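Notes follow once the structure below has been shown.
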Amino acid sequence: MASGKPTNPEIDNDMECSSPESGAEDAVESSSPAPAPSSRFKGVVPQPNGRWGAQIYEKHSRVWLGTFADEESAARAYDVAALRFRGRDAVTNYQLPLAVEGASSSSTSELAFLADHSKAEIVDMLRKHTYADELRQGLRRGHGRAQPTPAWAREFLFEKAVTPSDVGKLNRLVVPKQHAEKHFPPTTAAATGSNGKGLLLNFEDGEGKVWRFRYSYWNSSQSYVLTKGWSRFVREKGLVAGDTVTFSRSAYVMNDTEEQLFIDYKQKNKNDEAADAAKNEAGHAAVKLFGVDIGGGEMAGSSG
DNA sequence: CCCTGTGTTGAA
DNA sequence: TCAACACAGGGG
C-alpha cells in the first residue's frame, strides 16, 4: 500500500525535499534501458533518459508541460499548470501558496499573474523553464516595486555563521575560500577591470531589496571578502555574531553572464525584538519572518 | 543520434 | 483524469 506517494499535497515549504538520496537504489540491470522509477509526484512521468516529464490533462487530452532534470522541478511545473487550469482549489504536489517571507500577498500576486496569461502562455513558460523569471517580471511590472524571489526559485549555495569580526568594525565579511571560489565570480584581473579592487556583486535579500557589495581578494590575509556595503547590511539586519548568512542564486539561470545572487540571514536565536526596536529604525517594521528559509533544515515545530 | 513528447491503452 | 509504455519524428 501507498508506495511512497506523498499523500499530503502539502509538503511544506521545504526547499530541498531531497529524497532521491535514498541511496541503495538497486543495481539496475543494463538490460532495461529505463528502470522507469515511476514518479512520486502527480503529473510527473519518467522519461527514458532518466529525466522527468510533466503533464496535465484537460478535456480528454494531455497537455505536455516539458521535461525536467529532476522530479521536483517537474512537480512544480505541474502545480503551476494545475493552478492555471483548475484554479486555486486544484490539488497539487506542493503547498501552493508558495511561502515567501515577505507577504501573504505573494500567492495572490501569483494567482493574478496566472490569470493575466493564457493557458498556452503559461504552458510555454513551463516548457521553456522561464516561468520563475516571467513571474518576477510580471510582479515587478504589476506591483511596481521589488518583490522577493520565492525560495523555491533559489538554489542554495552556502552559508556561514558570522564571526565577531564579520559584524564588527572591520566592515567586511570573510567568505570561506572554498565557497568563494566555487560559487562567486572569479576575481581575476580581467573581471575586475585590471585593478585589484575586486568587483561589485548584487545580492537580493529576503525582502526583494538589492544590496551591492564589493567583493575582492585580500592578498594580505589570503581571504575573499565582501567589503563596501557590508557594514550597512549588518546594521540594517541587526546581525550579531553567531547569526548565519545564507547565499543562494536563481535556480533558473537564463544566461550565465549575469546570474542573480541572493543573501539571507538567520538569527541564532529569535528574540532581540526589544533590542532591535530600541534602535528606533524608522526605515521599516522589523520583518522577522525569515525563519522560513532555504538551506535551513527543518524548523522544529513552527506552530507556536 | 539522442531526446522529446505524442499515440495509445488500461486503470482509477 | 491519470500514468505506463512504446517509439515516431524533430532537432542538433
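Note that this is a predicted model, so its numbers are computed, not measured. Letters go in sequence order (proteins before strands), and every chain restarts at 1.
- Every ring-ring contact (aromatic ring centres under 6.0 Å, His included) that A/W230 has, sequence neighbours left out, goes to A/F213, A/F233.
- Here the straight-line distance linking atom CG of A/L226 with atom CD1 of A/I263 works out to 7.0 Å at 0.5 Å rounding.
- Rounded to a whole Å, the CZ atom of A/R127 is 12 Å from the C1' atom of C/dG10.
- What separates CZ of A/F41 from P of C/dC2 is a distance of 16 Å, to the nearest Å.
- A close approach under 4.0 Å does occur between a side-chain nitrogen or oxygen of A/K42 and OP1 or OP2 of C/dC2.
- Note that the first and last nucleotides of DNA chain B, 5' to 3', having any atom under 4.0 angstrom from a heavy atom of chain A are B/dC3 to B/dT8.
- Taking 4.0 Å as the cut-off between side-chain N and carboxylate O, A/K237 and A/D243 do not count as a salt-bridged pair.
- Following rounding to the nearest Å, A/D79 (CG) and C/dC2 (P) show an atom-to-atom distance of 12 Å.
- Comment: A/E134 does not engage A/K128 in a salt bridge, judged by the lack of any side-chain N to carboxylate O separation of less than 4.0 angstrom.
- You'll find that the side chain of A/R86 is closest to C/dC2, out of C/dT1, C/dA4, C/dC2.
- Looking at every heavy atom in both residues, A/Y94 comes nearest to A/A75 through CE1-CB, 3.8 Å.
- Using a 4.0 Å heavy-atom criterion, one finds that A/Q55 contacts the bases of the nucleic acid, with or without backbone contacts as well.
- Between the CZ atom of A/R62 and the C1' atom of C/dA4 there is a distance of 10 Å, rounded to whole Å.
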query = Is there a ring-ring contact (aromatic ring centres under 6.0 Å, His included) between A/F158 and A/F184 once you walk through the steps?
reply = CA-CA 11 Å; A/F158 67 93; A/F184 285 175; 5.5 Å; yes
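- Atom-to-atom, CZ of A/R40 to P of C/dA4 comes out at 13 Å; the value is rounded to the nearest Å.
- Hydrophobic side-chain contacts under 4.5 Å tie A/V45 into a cluster, directly or through other members, with A/W64.
- In this structure, A/W64 atom CH2 and C/dA4 atom P are separated by 11 Å, rounded to whole Å.
- When each of A/L65 and A/Y57 is assigned the nucleotide of DNA chain B bearing its nearest heavy atom, the one mapping closer to the 5' terminus is A/L65.
- Backbone-only engagement by A/R51 is indicated by non-hydrogen atom pairs under 4.0 Å involving sugar-phosphate atoms exclusively.
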